[in-house]
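Single-structure report; data block below.
Quick note: numbers below take in every heavy atom, side chains included, and nothing from hydrogens, waters or symmetry partners. Quick note: residue numbers are just sequence positions, from 1.
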Amino acid sequence: MSSPELLYEGKAKKIFRLAGEPDHVLMEFKDSLTAFNALKKGSFDSKGPVNRDIASLIFAFLRGRGVDSHWVRDEGERGMVARRVEIIPLEVVVRNVLAGSTAKKLGLEEGRVLPRPLVEFYFKNDELQDPFVSDDQIEILGIASAADLAELKKQALRVNEGLKDLFHRAGLRLVDFKIEFGRDKAGKILLADEITPDCCRLWDEKTNEKMDKDRFRRDLGQVKESYEQVLQRLRQIGGGK
Ligand code: TMP
Ligand code: ASP
């Protein structure tokens, strides 16, 4: 059997063509960990399987909450079969608590609870280091239409409501996260990519301990243990079902 054709390799995943399933792709979760546009690199051996499991569990949970996604089924220990979509070049960030780049940019302390969720868009382009883009820039420069933007916001806020609840039941505070969307063959906008501790900030509700990629970004240690702990807690609450 010939090896599957690699369509794309990103920092945390490889995407393969799937024989006999033209509308699907196979995503393989890698063990590598990068930050600051890949200036900082690392890895740990269970990372791919742990992130695949977390992502699947979350996609299944969100589907139960009425948010459809590209997730189809799991394959092996680090594979996920997903619907083939064309990724919209926007990183959609939702913030419940001020942290990270927005806190830094405005010279504010991390930890301020926001009066309502803040949705921000970043233009997905590694060479430009994913710059912030305003709604008007997106619309006027033709990155997405006003209707698409409204749909992205609506879905992102729905994802936020589901995830806040899920993580709360696992004793974790959902500070912020980044998601991506794609368009399927029929043009429908679908939640895509992944939702894992790589792209969320999760703070332990009791200790305020960081349980996400900030442990790697900020050299806090216990990276593998924290990712495994997030999966274990999600499993303990029955995947949130
Ligand atoms: P930020 O505070 O650095 O803008 O990040 C906000 C959230 O988005 C945080 O949970 C980390 C996530 N994120 C990614 O997943 N990929 C990225 O490239 C960036 C910049 C942030
Ligand atoms: N996801 C980006 C990277 O891997 C930035 C980050 O997470 O810090 O480079």
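Salt bridge absent: Glu180 and Lys13 never bring a charged side-chain N and a carboxylate O closer than 4.0 Å. Here Arg83 pairs with Asp68 in a salt bridge; the nearest charged N to carboxylate O distance falls below 4.0 Å. The residues Arg73 and Glu75 are annotated as salt-bridged, a charged nitrogen and a carboxylate oxygen being separated by less than 4.0 angstrom. Under the 4.0 Å criterion applied to side-chain N and carboxylate O atoms, Arg201 and Asp212 are not assigned as salt-bridge partners. With salt bridges taken as basic N to acidic carboxylate O contacts below 4.0 Å, one links Asp45 and Lys224. The existence of a salt bridge linking Lys154 and Glu151 is confirmed by a sub-4.0 Å separation between a basic side-chain nitrogen and an acidic carboxylate oxygen.
Side-chain contact check for Glu225 and Gln229: no donor-acceptor pair (N or O, by modelled atom type) lies under 3.5 Å.
Counting non-hydrogen atoms of other residues, nucleotides and ligands closer than 6.0 Å to NZ of Lys40 gives a total above 12. Counting heavy atoms of neighbouring residues, nucleotides and ligands inside a 6.0 Å radius, atom CZ of Arg63 exceeds 12 of them. Heavy atoms from other residues, nucleotides or ligands lying under 6.0 Å from CD of Glu86 number 12 at most. For CZ of Arg218, the number of neighbouring non-hydrogen atoms (other residues, nucleotides, ligands) closer than 6.0 Å is greater than 12.
At least one cation-pi condition fails for Lys47 and Tyr227: the charged atom is not both under 6.0 angstrom from the six-membered ring centre and inside a 45 degree cone around its axis.
The closest donor-acceptor contact from the side chain of Lys11 to the backbone of Asn37 lies at 3.5 Å or more, if one exists at all. In this structure, the side chain of Lys213 engages the main chain of Thr34 through a donor-acceptor pair within 3.5 Å.
Annotation for Ser32 and Ser43: closest pair CA-CB, 3.8 Å, computed over non-hydrogen atoms. The two atoms that bring Lys124 and Leu90 nearest to each other are CB-N, 4.0 Å, heavy atoms only. Counting all heavy atoms, side chain and backbone alike, Arg217 lies closest to Asp198 at NH2-O, 3.7 Å. Ala192 approaches Phe59 most closely through the heavy-atom pair O-CZ, 3.8 Å. Pairing each heavy atom of Leu174 with each of Lys164, the nearest pair is CD2-N, 3.8 Å. When all heavy atoms are compared, the tightest approach of Tyr122 to Val133 is C-CG2, 4.0 Å.
Within the 4.5 Å cutoff, the side chain of Arg65 has no heavy atoms near those of the Leu166 side chain. Using a 4.5 Å heavy-atom cutoff, the side chains of Leu18 and Val25 are not in contact. At a threshold of 4.5 Å between non-hydrogen side-chain atoms, the residues Arg215 and Glu209 count as touching. Residues Arg17 and Arg84 have side chains in contact (heavy-atom distance under 4.5 Å, counting atoms from C-beta outward).
Distance check, rounded to the nearest 0.5 Å: CD of Glu194 to CE of Met80 gives 8.5 Å.
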